[in-house]
There are 2 protein chains.
Amino acid sequence: MKIGEMASATATNIETVRYYEKIGLLPPPARDAANYRSFGNDHLARLSFIRRARDLGFTLDQVRELLDLADDRARSCAAVDAIASAHLAEIDRKLADLQALRGELSRLIGDCRQGTVADCLIIETLAPAGMGQ
Amino acid sequence: MKIGEMASATATNIETVRYYEKIGLLPPPARDAANYRSFGNDHLARLSFIRRARDLGFTLDQVRELLDLADDRARSCAAVDAIASAHLAEIDRKLADLQALRGELSRLIGDCRQGTVADCLIIETLAPAGMGQ
DNA sequence: TATGCACCCTGTAGCAACTACAGGGTCAAG
DNA sequence: CTTGACCCTGTAGTTGCTACAGGGTGCATA
């Protein structure tokens with residue numbers, strides 16, 4: 001199939017497919033007479049894998065590792081589990097950060113009295129004492 | 001004060017200070033005889049403002065808007081509130097995404113039987129039916 | 001006096017993971 | 001024969017920095 005077909009089959013941008021090829025995540029496909037890329041089902045499967053892993057928030061480097069591991073069917077699954085667990089820990093860290101942020105920000109907004117900037121508590125919180133007058 | 005002093009006073013990288021100047025977030029300071037930047041308290045206050053806003057997750061464009069608003073002390077605080085509220089909504093969106101992701105990923109990891117890759121459920125979930133054998 | 005060290009300067013390239021052109025070729029339909 | 005939908009390569013832009021390379025300044029010490 002041509003690049004447009006494979007891209008839309010995986011809800012991927014055409015440029016992104018070419019980008020994955022360029023960075024070695026997708027092997028270079030055969031070319032037809034017009035020099036158009038000609039992908040097979042193996043490419044489609046690999047691209048689907050990449051997309052799913054990306055949707056789960058894995059980095060491209062992690063995807064690369066997962067793809068390598070997936071190719072070695074006899075190997076222990078432990079390495080796969082390690083990558084996924086590391087990723088989960090990272091997500092938990094981000095969640096905690098974001099939740100703390102949300103708390104601070106919503107407290108700030110809740111305090112807003114809708115007056116002028118001069119006594120805006122949001123600005124006041126951001127500005128160090130004495131700034132701007 | 002020189003750049004190093006201001007940077008350490010605000011827990012900012014020296015390069016970041018120069019970067020903020022370059023993109024117009026900090027006004028260019030005076031220079032001394034050796035062409036070193038010479039910052040005043042107004043610069044320090046402005047940089048503190050920027051850092052606090054960044055710590056709250058505002059983008060540099062939002063910080064720029066907030067700084068503009070903060071300078072206009074008579075203006076209504078509503079515009080400030082709008083920026084902060086938009087940011088809060090964005091954080092909530094990210095939180096929801098991340099929580100959904102976390103759920104999927106932890107379910108995946110919980111299912112792992114620690115066998116070989118051939119019957120690894122993580123790989124199986126990522127790979128489309130029939131890939132890799 | 002030399003020299004070592006901490007500090008400063010400019011300018012450019014790199015990171016992640018794409019996205020968006022510019023400038024061109026190919027192919028089938030009307 | 002031209003219009004439109006595709007495809008190609010290659011480069012530059014995005015966000016918010018960070019990391020050099022290659023140089024200058026200023027003070028203390030041997």
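By convention in this document, chain letters (A, B, ...) are assigned in the order of the sequence lines, proteins followed by strands, and residues within each chain are numbered from 1.
Atom CZ in A:R37 sits roughly 15 Å away from atom C1' in C:dT26 (whole-Å rounding). Remark: P of C:dG24 and OH of A:Y36 are 16 Å apart, rounded to the nearest angstrom. Look at OH on A:Y19: it is 10 Å from P on C:dT19, rounded to the nearest Å. Distance B:E15 CD to C:dT12 P: 16 Å, rounded to the nearest Å.
Residues A:Y36 and A:Y20 do not share a hydrophobic cluster, clusters being chains of Ile/Leu/Val/Met/Phe/Trp/Tyr side chains in contact below 4.5 Å. Note on A:L26: it clusters hydrophobically with A:L60, by side-chain heavy-atom contacts below 4.5 Å among ILVMFWY residues.
Shortest non-hydrogen contact noted between A:L101 and B:G57 is CD2-CA, 4.1 Å. For the residue pair B:L66 and B:V80, the shortest heavy atom distance occurs at CD2-CG1, 4.0 Å.
In terms of position along DNA chain C, the nucleotide closest to B:E5 lies nearer the 5' end than the nucleotide closest to the other residue of the pair B:E5 and B:K22. Closest-nucleotide positions on DNA chain D for B:R54 and B:A34 were compared, and the one nearer the 5' end corresponds to B:R54. A residue-by-residue look at B:A33 and B:F58 shows that B:F58 has its nearest nucleotide of DNA chain D further toward the 5' end.
Using a 4.0 Å cut-off between charged nitrogen and carboxylate oxygen, B:R18 and B:E15 do not count as a salt-bridge pair. B:R102 and B:D97 are not joined by a salt bridge, as no carboxylate oxygen comes within less than 4.0 angstrom of a charged side-chain nitrogen.
Contacts between residues 90-106 of chain B and DNA chain C, counted as heavy-atom distances below 4.0 Å, involve no residue at all.
Contact annotation: A:T16 side-chain N/O to C:dA17 OP1/OP2 distance is not under 4.0 Å.
Contacts between chain B and DNA chain D, taken as any atom within less than 4.0 angstrom of a protein heavy atom, begin and end at D:dG16 to D:dG26.
Applying the 6.0 Å contact sphere to CG of A:D92 captures more than 12 heavy atoms from other residues, nucleotides or ligands.
Put simply, the side chain of B:R93 never gets that close to the backbone of B:L88: no donor and acceptor are under 3.5 Å apart.
Note on A:I3: only backbone sugar-phosphate atoms sit closer than 4.0 angstrom, heavy atoms only; bases stay farther off.
Remark: B:D68 engages no residue in a side-chain contact (heavy atoms from CB on, under 4.5 Å) (not counting sequence neighbours).
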